[in-house]
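See below for the structure under consideration.
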Amino acid sequence: MTENLNPFAIAQTQLDQAAELLQLDPDMHAFLREPMREFHFSIPVRMDDGSTRTFRGFRVQYNDARGPAKGGLRFHPSETIDTVRALAAWMTWKTSVVDIPLGGGKGGVICDPRELSRNELERLSRGYMRSIARYVGLTKDVPAPDVYTTPQIMAWMMDEYEMLVGHREPGVITGKPLDLGGSASRGDATARGAIYTTREAAKVLNLDMRGKRAAIQGYGNAGSFAHKLAEELLGMKVVAISDSRGGILNWDGLNAADTMKHKASTGAVSDFPGAEAISNEALLELDVMVLFPSALENVITGKNANQIRANIVAELANGPTTPEADTILFENGVYVIPDFLCNAGGVTVSYFEMVQNAYQYYWTQQLVHERLDLKMTTAFSAVHEMAVSKGVHNRLAAYLVAVERVARAVRWRGWV
Ligand code: GLU
């Protein structure tokens, strides 16, 4: 049978497995299987040539029992409502597993931002915010950056919102530039959180990471900072990196500062001096200690899971591994740090940003790092202990921890 790669079907399957183990009440299970609210809208955008193009936008508030919905916005040509639903569900489990008082949401626009001019991108961003303004806000739902959205886009959206409501409310959106109420270290927070959990995984596995090899698939915000921090904080040697156009390999190691400069000037990692070309698929199967899938969904599936040779798969992307692959990796002894635990550093610092915005007093970078480390390390231990005590793989363990907390909040509210 071919695997079902619909991300929302995958998210529901994962929940079903957790519900069974938790012996979750069937009514609660049914409630948690579906998003609470969805918004679908058209965004007409005046293009530079005078024509009008209509883009489709979505925002899904999956569950807000534990607090306002929270989650990023993706601008991607192959965005679908089911992908946004899955990502919103994963945000619900993500905010729960790191125990921050927020729910889960996600948004998306079907577009290719690389084909838009800066002015078109600004009009699209402002149009998106106008479409959802009445449904978001500090106490309702707080968007943030994700694939192909940036601090500049967050700034335009915040400005649009504040102009509409007539007062300052920077906490309506996170991942803002520092000048507009962003938090110290929000930029590298997703990667930093993943590096902290990787450090903890190495401890429980008794692995010495210094000088060992790592590979990174995807070189956006998460992947590129993971490269820098794997060098700086773990002392690892990153031998392969890739982006949507292909990858590069050098067994002697690739220097983060140099490859980041190369990508910034050429727009891609390929053709980096001294490195050979490697495909995105081949990169996943390299003999490395840590593999960081940092791009999109469904890259480790039933087809290639047996070829994964890494000791640790640290999932910086959302949804990179399918349920079938999870079973294979678990049987093969590959230690997976599941996405909604591994990449929760981004939303954790987003939460810190909201807190700082609310009391208008800003933390030092050192304080952000300390508090992020504590959150990630505590969540990692809870998941690891659950996995060991129940004899299940880490993703299922993370679900057990997260779903139980959300279900408790739903129960206290009397919704189910
Ligand atoms: N987009 C990021 C994620 O998938 C961050 C979300 C946020 O900061 O709200 O976790």
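Just so you know, ligand 1 is whichever comes first in the structure, and atom 1 is the first atom listed for that ligand. Just so it is clear, the values below take in all heavy atoms, side chains as well, and ignore hydrogens, waters and symmetry mates. What you see is a predicted model; the values in this text were computed from it and never measured.
Distances below 4.0 Å separate heavy atoms of Asn318 from the following atoms of ligand 1: 4 (O). Close approach to Gly71 involves these atoms of ligand 1, each under 4.0 Å from a residue heavy atom: 9 (O). If you number the atoms of ligand 1 from 1 as listed, the ones under 4.0 Å from a heavy atom of Gly346 come out as 8 (O).
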Quiz item: Should Asp141 and Lys70 be marked as a salt bridge (charged side-chain N to carboxylate O under 4.0 Å, His left out) after you check the CA-CA gap, both sets of side-chain angles, and the distance that decides it?
Solution: CA-CA 6 Å; Asp141 180 7; Lys70 185 82 192 82; over 6 Å; no
Exercise. Dump the intermediate steps for salt bridge (charged side-chain N to carboxylate O under 4.0 Å, His left out) on Arg411 and Asp25, then the final yes or no.
Key: CA-CA 11 Å; Arg411 183 76 71 208; Asp25 161 57; 3.7 Å; yes
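Looking at atom 3 (C) of ligand 1, its nearest protein heavy atom turns out to be Lys94 NZ, 3.3 Å. Looking only at protein heavy atoms, the nearest one to atom 7 (C) of ligand 1 is Ala144 CB, 3.3 Å. Remark: minimum distance from atom 9 (O) of ligand 1 to any protein heavy atom is reached at Lys70 NZ, 2.7 Å. From the protein, the heavy atom lying nearest to atom 5 (C) of ligand 1 is Arg186 NH2, 3.5 Å. Among all non-hydrogen protein atoms, the one lying nearest atom 8 (O) of ligand 1 is Ser350 OG, 2.5 Å.
Across all non-hydrogen atoms, the minimal contact from Thr95 to Val347 is CG2-CG2, 4.1 Å.
For ligand 1, none of its N or O atoms has an N or O atom of Met91 under 3.5 Å away. Taking distance alone, with nitrogen or oxygen atoms compared against 3.5 Å, Asp146 approaches ligand 1 more closely than that limit.
Annotation: salt bridge (Lys or Arg N to Asp or Glu O under 4.0 Å) contacts of Arg134 (sequence neighbours excluded): none.
No option in Tyr128, Phe58, Tyr135 other than Tyr128 meets the ring-ring contact (aromatic ring centres under 6.0 Å, His included) test with Phe41. Considering Met157, Met154, Arg74 in turn, Met154 is the only one that fulfils the side-chain contact (heavy atoms from CB on, under 4.5 Å) rule with Thr149.
Assignment of Lys106 to the shell around ligand 1 is supported, since a heavy atom sits closer than 4.0 Å.
Applying the 6.0 Å contact sphere to OH of Tyr359 captures more than 12 heavy atoms from other residues, nucleotides or ligands.
Proximity of Pro145 to ligand 1, defined as any heavy-atom pair under 4.0 Å, is confined to the backbone N, CA, C and O atoms.
In this structure the side chain of Lys140 never reaches within 4.5 angstrom of the side chain of Val136, judged on heavy atoms.
With atom 6 (C) of ligand 1 as the reference point, the heavy atom nearest to it among Gly104, Ala189, Gly72 is part of Gly72.
With values rounded to the nearest 0.5 angstrom, Met289 atom CE is found 6.0 Å from Met209 atom CE.
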